[in-house]
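Shown next, in structure tokens, is the structure this report addresses.
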Amino acid sequence: MSKNMSNLNDISESNRSKTARKNNAHGNVIPDIPKDADKGFPLLRIEENYYNFDDLIVKSDTKEILESVISEHMSAKKLFAYGFKPKSKILFCGPPGTGKTLSAKIISSVMGYPLAHVMFDSILSSYLGETATNLRRIFDFIEKEKFVVLFDEFDMVGKKRDDPHENGEIKRVVNNFMQMLDSFDGNSILIAATNHQQLLDKAVWRRFDDIIYFDLPDNKRRKMLFEKYLKVLRRDDDFTLDHLSRMTRNYSAADISQICENALRKCIIHDEKRVTKDHIMWSISEQKRRKKAVLVES
């Protein structure tokens, strides 16, 4: 672990303690969560997270960019003194299961800010104009306190406006969202995450202070992921992590997590004390079956 990362993890513990004391002393400091007027569903959910950078296995330069976002906010006063603002609008993109949501949770944990997870299935209303109103409610809400705001599946409201398959309402929503993003002046960190960056309108990209691409893990990181997730139980010596890493090329971190979890479940259910090659091979075949089903469905 780098010295900088260790310091950020220490800051995470300190900030969580301060947040806990603040909430205990003053009660619930979070404003009422806005709801969709049509269906009455909450437009976002508030989460308290307890992660640190040890939980994340991505490329070292990706971690460094994430750390720099946090460091800028920790040193906001220094930046303000020179006329700069910390980067607060970040786009996460890349294949599914590569650490985008986890990274948002880590930033939330280290900063000591609650995570405001925006739910687009509630935002998209059947009434004309209500979707943009829902977005306005969210931006008004997140300007009141300090949050890490995760706009997951961001491509749902950031789509290309010249897409002939989209109606005028979606195009208006994209325009409204960009205007709200431009005018946002709160202290929250806004993170938009998408698995389909190719669908985003070109003008959307310019609204972000930084763009972070999360790629599929390479051989070394796949090995690290297997080591991390299988450490719950002892491993038999009939397989190696190098072998598992080679077998799972083009698998995401989420895929490997699921493989390990299912192998451990099978092992525990049968009262076995070691994870064996048979457990792992069965779990990999199950993951292949699920991935194939997803491809057929899409």
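Residue numbers count from 1 along this sequence. Keep in mind that what you see is a predicted model, and the values were worked out from it rather than measured.
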Practice task
Evaluate the ring planes of F177 and F154, with Trp represented by its six-membered ring, and classify them as parallel (under 30°), tilted (30 to 60°) or perpendicular (over 60°).
Solution key: tilted
Practice task
Would you check if the side chain of N49 reaches a backbone N or O of Y51 as a donor-acceptor pair within less than 3.5 Å?
Solution key: no
Problem - Nearest atoms (heavy-atom pairs only) where V148 meets S108 - result: CG2-CA, 3.7 Å
Problem - Output field: ring centroids F208/F92 closer than 6.0 Å - result: no
Handout entry: Cluster link F41 to F141, ILVMFWY, side chain under 4.5 Å
Key = no
Practice task
Apply salt bridge (charged side-chain N to carboxylate O under 4.0 Å, His left out) to D185 and K85, showing your working.
Solution key: CA-CA 11 Å; D185 195 34; K85 291 181 64 177; 3.5 Å; yes
Practice task
Calculate, to the nearest 0.5 Å, the distance between atoms CD1 and OG1 belonging to I57 and T98 respectively.
Solution key: 13.5 Å
Handout entry: Donor + acceptor pair across side chains of K35, N134 (<3.5 Å)
Key = no
Completion exercise
The reported gap from CD1 in I212 to CD1 in I65 (rounded to nearest 0.5 angstrom) is 5.5 Å
Problem - Polar side-chain atom of S183 near backbone of Q179 as donor-acceptor pair, under 3.5 Å - result: yes
Exercise for the section: Indicate yes or no: at least one non-hydrogen side-chain atom of V174 is less than 4.5 angstrom from one of M178. Expected result: yes
Exercise for the section: Apply side chain to side chain contact (heavy atoms under 4.5 Å, CB included) to the pair R234 and K273, showing each step before the final yes or no. Expected result: CA-CA 7 Å; R234 296 181 65 183; K273 304 300 182 185; over 6 Å; no
Exercise for the section: Verify side chain to side chain contact (heavy atoms under 4.5 Å, CB included) between E227 and L230, making sure each step is shown before the conclusion. Expected result: CA-CA 6 Å; E227 185 172 22; L230 288 176; over 6 Å; no
Handout entry: Closest heavy-atom pair and its distance - W282, N262
Key = CZ3-O, 3.6 Å
Problem - Hydrophobic cluster identity match, M74 and I107, side-chain contacts under 4.5 Å - result: yes
Handout entry: Step-by-step side chain to side chain contact (heavy atoms under 4.5 Å, CB included) determination, Y229 to I259
Key = CA-CA 9 Å; Y229 292 120; I259 288 169; over 6 Å; no
Fill in the blank from the handout: For P217 and R221 the tightest heavy-atom approach is CA-NH1, 3.6 Å
Practice task
Starting from the C-alpha separation in whole Å, work towards a yes-or-no answer on side chain to side chain contact (heavy atoms under 4.5 Å, CB included) for K277 and L244.
Solution key: CA-CA 10 Å; K277 182 178 180 180; L244 297 183; over 6 Å; no
Fill in the blank from the handout: Closest non-hydrogen contact found for N195 with K100 is OD1-NZ, 3.0 Å
Problem - N-O pairing of R45 and E47 below 4.0 Å - result: yes
Handout entry: Donor-acceptor contact below 3.5 Å, side chain D255 vs main chain S252
Key = yes
Exercise for the section: State, yes or no, whether a side-chain contact exists between E72 and L79 at a heavy-atom distance under 4.5 Å. Expected result: yes
Problem - Presence of salt bridge, R207 and D182, under 4.0 angstrom - result: yes
Exercise for the section: Please examine the side chains of S257 and L225, heavy atoms only from C-beta on, and report whether any two atoms are closer than 4.5 Å. Expected result: no
Handout entry: Side-chain donor or acceptor of H196 paired with backbone N/O of P95 under 3.5 Å
Key = no
Practice task
Could you tell me whether F226 and Y251 have their ring centroids closer than 6.0 angstrom?
Solution key: no
Completion exercise
For S103 and L56, the nearest pair of non-hydrogen atoms, with its separation, is OG-CD2, 3.5 Å
Problem - I189 and F147, any side-chain heavy atoms less than 4.5 Å apart - result: no
Exercise for the section: Take D155 and T194 through the test side chain to side chain donor-acceptor pair (under 3.5 Å) and record every step on the way to the result. Expected result: CA-CA 6 Å; D155 46 278; T194 178; 2.7 Å; yes
Exercise for the section: State, yes or no, whether a side-chain contact exists between T131 and R172 at a heavy-atom distance under 4.5 Å. Expected result: no
Fill in the blank from the handout: Rounded to the nearest 0.5 angstrom, the NE2-CZ distance for H279 and R274 is 12.0 Å
Exercise for the section: In plain terms, say whether D209 and K89 are close enough for a salt bridge, that is, a side-chain N and a carboxylate O under 4.0 Å apart. Expected result: no
Exercise for the section: Measure the shortest side-chain to side-chain distance between D238 and H243 over non-hydrogen atoms and say whether it is less than 4.5 angstrom. Expected result: no
Handout entry: Donor + acceptor pair across side chains of D242, S245 (<3.5 Å)
Key = no
Practice task
Please check if L181 and I142 belong to a single hydrophobic cluster, counting links between Ile, Leu, Val, Met, Phe, Trp and Tyr side chain heavy atoms closer than 4.5 Å.
Solution key: yes
Exercise for the section: May I ask you to test the I33-L44 pair for a side-chain heavy-atom distance under 4.5 Å? Expected result: yes
Practice task
Please check if the side chain of K63 supplies one atom and the backbone of F53 the other of a donor-acceptor pair under 3.5 Å.
Solution key: yes
Practice task
State plainly whether one hydrophobic cluster holds both Y213 and L102, where clusters connect Ile, Leu, Val, Met, Phe, Trp and Tyr through side-chain heavy atoms under 4.5 angstrom apart.
Solution key: no
Problem - H117 NE2 to L150 CG distance, which is reported to the nearest 0.5 Å - result: 4.5 Å
Exercise for the section: Considering non-hydrogen atoms only, spot the tightest contact between R222 and T248 and give its length. Expected result: CD-O, 3.1 Å
Practice task
Measure the shortest side-chain to side-chain distance between K266 and I280 over non-hydrogen atoms and say whether it is less than 4.5 angstrom.
Solution key: no
Practice task
Look at the side chain of E272 and the backbone N and O of C267, then say whether any donor-acceptor pair between them is shorter than 3.5 Å.
Solution key: no
Practice task
May I ask you to decide if E145's main-chain N or O and S188's side chain share a donor-acceptor pair within less than 3.5 Å?
Solution key: yes
Problem - salt_bridge(D140, R137) N-O dist < 4.0 Å - result: no
Problem - CG/D32: more than 12 non-hydrogen atoms of other groups inside 6.0 Å - result: no
Completion exercise
When rounded to the nearest 0.5 Å, the distance separating SG of C260 from CD of Q287 is 10.0 Å
Exercise for the section: Using the rule that two of Ile, Leu, Val, Met, Phe, Trp, Tyr join whenever any of their side-chain heavy atoms come within less than 4.5 Å, decide whether V69 and F84 are in one cluster. Expected result: no
Fill in the blank from the handout: CG (L190) and CG (L91) are apart, to the nearest 0.5 Å, by 12.0 Å
